[in-house]
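What follows is a short report on a single structure.
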Amino acid sequence: MPEKPYNPREIEPRWQREWEKTDVFRADAHPSRPKYYVLEMLPYPSGTLHMGHIRNYSIGDALARYKWMRGFRVLHPMGWDSFGLPAENAAIQNNRDPGEWTRSNIAQMKQQHRRFGFSYDWSTEISSCEPEYYRWNQWFFLKMYERGLAYRKQAQLNWCPRCQTVLANEQVVNGCCWRHEDTAVEGRSLEQWFLRTTDYADELLSDLRQLAGGWPERVLTMQRNWIGKSVGTRVDFLLEGSEEKITVFTTRVDTIYGSTCVILAPDHELVSRFGFEKQAEKMIRSRASSNPADVEKEGVDTGRYAINPYNNERVPIWIGNFVLLEYGSGAIMAVPAHDQRDFEFCRKYGIPIRPVIRPVDGPLAEEPTMEEAFEGYGVVENSPPFSGLASEEAKQKMNAWAKERGFGRGAITYRLRDWGISRQRYWGTPIPIIYCQQCGVVPVPEDELPVLLPANVKLTGTGQSPLRSVPEFVNVDCPKCGGKAERECDTMDTFIDSSWYFYRYCDPKNNRAPYDTAKVAAWFPIDQYIGGIEHAVLHLVYARFVTKVMRDLGLIGWNEPATRLFNQGMVIRDGAKMSKSKGNVVDPDSAVEQYGADTVRLFSLFAAPPEKDLDWQDAGVEGMHRFLGRVYRFVTRNATGNGSPNGEPSNDTDRALLRKLHQTIQKVTNDFETRWHFNTSLAAIMELTNELYARESEISTGVVQETLTKLVLLLGPFAPYMAEDLWHELGKEGTLLHAAWPDFDPELAKEDQVEVVVQVNGKLRSRLAVARGADRAELERLATMDPKIAPYLEKKTVRKVIVVPDKLVNVVVN
RNA sequence: GCCCGGGUGGCGGAACUGGUAGACGCAAAGGACUUAAAAUCCUUUGGUGCUAUGCACCGUGUGGGUUCGACUCCCACCCCGGGCACCA
């Protein structure tokens, strides 16, 4: 058949229309097959796709298509997040309706996705900014409220001056807002709604173990650090001259006999009672305005004393700027001899330093001369009745001792905080709560859900909850007593939406429940979740938490949402990462315009293994386009179009080509099943193409047809438009997606001639062409007889000959 | 400071279990086709040296070690990226 030029501009829209018409990506198309749920993380709510997304989706789509071809029924859904802040900012800056802005952005992003030909089942499409999604967010919130998992408190919170709203701890990155990397967050005291993530801290931590292997190690580590479990002891020091207690938390109770003072956080309640408010306020201010690690330790002596309950020793009470109220109990015992930080503090203020732990194989350090506090475990000294015990054992006994006498107990502390979900913004799910003058906090009755956002709200971006200014929204009758009441005016963090969207996908139209338990159970858990590392302690913590809560509500029957997680690397150009703040360094739309979606997708998979950062190079994209053109032209000019290949080899060239074909199938299949190093898969496909070009005139027609058919199948997951088009050029019926992935014959893939290298003392000296499977004696004989080897053996003794069949012979001489 | 990654040609990267370092692609050079250009196709391409179509030596951040053999394993160090960090 005549050669055709490769024209993605014609091919891609045509197949896009065809796929939409025939609904090829429907997840329920093959109910008898095993299930596979592949999901890419939702796009950032920025409104447009950047190359990083394209890479994310190209990986997911390649996998989904591969799984289809391996005979799975695949759920590969796509939906839309709330775009809370961008929508509202567009409203403030350009006087647009946030709803209208959001819908037009969704339309635009959907258009981009369709153009790229991703294999989504659009019948599962959801939008978290629609009333029905609000309803189930609110329903879920109320269920948590009923169980005490949602509560309200006044708290010092992180405030982003650019977003004009509070942020959760997870949303603060290096002291700055996660959206505005150059804007420092401020502290602000507000009354807020919280979800009790800390109730699940232990489970969130221990279940990481069951994710090991399926999730990247660094994500597990980050979550482990984030949860920050410390096992230790709470000890009550008595305030001298009163019945009051000061509780301290320590992980090293074995050092308590070396404690020479107690230090309170500046915001500890006793500080103001002792009359040190002014000094404390200064400390808090200076801490808030600079990087905590750089602030010098400062303290104030309160002049009061506490009693160490273990030895009844009287120790001074200080206030220290480095002690945090939120962690542990807001007060510490300082052990300067065995803690670097305490050492620094106590040396500065001349507080005694008293060693009580000695290294197992060394003496107890001498008191004031030591420059470095010994932080290790060792043997406890000067601590009657615990002297002579090893640290670990001492801890156990001292815990028990404290418990017996009622002044302390073993305790666990977490770094994780409860999730603050109130946002002083308009475009989000309203928190379904009413405040009644008589009844107090009253949840909105379930049958009145959803509480919807009022229209025509004047958005000013001043940091006040915009809903507060809408009297029709604020003023309601109390559902309990019918009296005057007001609605909660804050909206929910949009991370709530994304923490359960993967369940809603399984039952997107349900209007009686967030989802049907049986429908969700048919797809879950997510077999493969794919997304960027930036959500390691954000979305991925929230999603795990929400899954556990939903399990406890009886909605689902498992502990973790996703068994496998894959983090793709970032797309970089000239060292600039593509992110929400830097914008698009490479614009996907213009790249598609120029080269077509297949080329862009292929390059995003070829230039680096998917977990590594990818350096975008325009020249490289052109190379990819060249490769696709090469394949396209070769297939069209060699296709007989009769659709029935006869792959019987009739000469050595045929056999060599078939061998290469089977090697390629083996390589690509193996990459899909293990490491996803699609760059090497594509390299193998290129090698096969090069081989075809080199031998075009010598190969028999049947073998060419078979090779081309399988080559096109191999390209299916990577360049789906072109592969589909060639599939039909080869005379095939139906979509390639539903054709079977080609099998390889390991026997055919094996070379029958192998090159065996000959080394002398490990240095490469010669190569032998040998039939595969030659035995050791034969190889040794051939190697030592080799004319290139002979000179190296002259006047030497052969001490040993190492033979690796089909690989090498190493002759050891001296 | 602690915990993860990583360091290979001019560039992106390959080498999967210790067994031919540099696959594949880019860039570059030369050639074919063409009135010409683009496109396409073919060839060469880690470095140095030579008596040069081949051969020798060097070469995977640095220095040691294990081994017949090390990009790969062990020890020490340097550099780059990321995470955590007054967390008691």
Side-chain angles (χ1 to χ4, degrees), chain A residues 3 5 173-174 216-226 228-230 232-233 248-253 255 259 263 265 287 291-297 320-324 326-335 339-342 344-345 413-415 533-534 536-537 570 602-603 606-609 611-624 626-627 629-630 633 667 670-671 674-675 677 679-687 689-690 693-694 755-767 788 799-804 806-814:
Chain A
E3 177 181 303
V173 179
N174 293 329
E217 193 49 47
R218 63 175 169 156
V219 173
L220 301 179
T221 307
M222 282 166 78
Q223 292 213 358
R224 223 171 268 131
N225 287 342
W226 189 259
K229 180 178 181 172
S230 299
T233 312
V248 304
F249 175 75
T250 176
T251 55
R252 292 297 304 270
V253 71
T255 66
S259 168
I263 311 176
R287 184 163 68 187
N291 186 350
D294 303 337
V295 177
E296 209 200 322
K297 287 180 185 46
N321 63 342
F322 63 94
V323 181
L324 304 173
E326 316 86 71
Y327 189 79
S329 58
I332 64 164
M333 61 168 205
V335 185
D339 182 290
Q340 200 71 73
R341 189 199 45 199
D342 294 349
E344 238 179 90
F345 184 85
T413 303
Y414 297 93
R415 209 189 77 105
I533 186 70
E534 65 277 6
V537 291
M570 285 183 307
L602 217 56
F603 180 73
F606 177 71
E611 73 276 9
K612 278 188 71 172
D613 286 352
L614 178 153
D615 190 31
W616 191 272
Q617 293 182 340
D618 288 330
V621 184
E622 250 167 81
M624 227 55 245
R626 215 152 33 219
F627 164 67
R630 240 165 107 77
R633 289 190 306 274
K667 171 80 191 139
N670 188 44
D671 277 337
T674 57
R675 310 183 299 165
H677 280 197
N679 53 332
T680 60
S681 312
L682 289 166
I685 295 173
M686 286 174 181
E687 279 185 57
T689 309
N690 292 345
Y693 266 79
E755 195 182 61
V756 170
V757 282
V758 184
Q759 298 177 336
V760 178
N761 288 344
K763 276 197 186 289
L764 176 66
R765 297 300 178 189
S766 181
R767 296 154 201 270
K788 284 179 186 160
R799 309 207 61 183
K800 208 196 301 186
V801 178
I802 287 140
V803 180
V804 182
D806 297 337
K807 283 256 161 109
L808 67 80
V809 179
N810 189 10
V811 185
V812 186
V813 298
N814 64 359

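Within every chain, numbering begins at 1; the chains are lettered A, B, ... in the order of the sequence lines, protein sequences first and strands thereafter. Keep in mind that the numbers below use all heavy atoms, side chains included, and drop hydrogens, waters and symmetry copies. Note that the structure is a prediction, hence the values are computed from the model and not measured.
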Please check the phosphate of [N] (OP1 and OP2 only) for any side-chain N or O of [X] closer than 4.0 Å.
| X | N | result |
| --- | --- | --- |
| A:Arg633 | B:C41 | yes |
| A:Arg224 | B:C2 | no |
| A:Arg630 | B:C42 | yes |
| A:Lys800 | B:C68 | yes |
| A:Ser230 | B:A88 | yes |
| A:Asn679 | B:A14 | yes |

Legend entry - A:Arg341 (side chain) and B:A88 (base): donor-acceptor pair under 3.5 Å: yes
Inset, instruction - Decide yes or no, distance alone: a donor-acceptor N/O pair under 3.5 angstrom between the base of B:C68 and the side-chain of A:Asn810. - result: yes
Inset, instruction - Consider the side chain of A:Asn321, meaning its heavy atoms from C-beta on, and name the nucleotide among B:C86, B:C24, B:C42 that approaches it most closely. - result: B:C86
Legend entry - Sidechain-backbone polar pair: A:Asp339 side chain, A:Ala334 backbone, donor-acceptor under 3.5 Å: no
Inset, instruction - For the pair A:Asn679 (side chain) and A:Ala607 (backbone), establish whether a donor and an acceptor sit closer than 3.5 Å, ignoring hydrogens and angles. - result: no
Inset, instruction - Find the partner of B:C55: check Watson-Crick (N1-N3 plus N6-O4 or O6-N4) and G-U wobble (N1-O2, O6-N3) distances, both under 3.5 Å, and reply none if neither fits. - result: B:G49
Inset, instruction - Sort out the partner of B:G81 for me: Watson-Crick or G-U wobble, both distances under 3.5 Å, none otherwise. - result: B:C4
Inset, instruction - Check every strand shown and say whether A:Phe606 touches a base, only sugar-phosphate, or nothing at a heavy-atom separation below 4.0 Å. - result: base
Legend entry - Sugar-phosphate, base or nothing in reach of A:Arg799, heavy atoms under 4.0 Å: nothing
Inset, instruction - Sugar-phosphate means primed atoms, P, OP1 and OP2; the rest is base. With that split, encode nucleotides 43-58 of chain B 5' to 3' as B, S or - using protein heavy atoms under 4.0 Å. - result: ------------SSSS
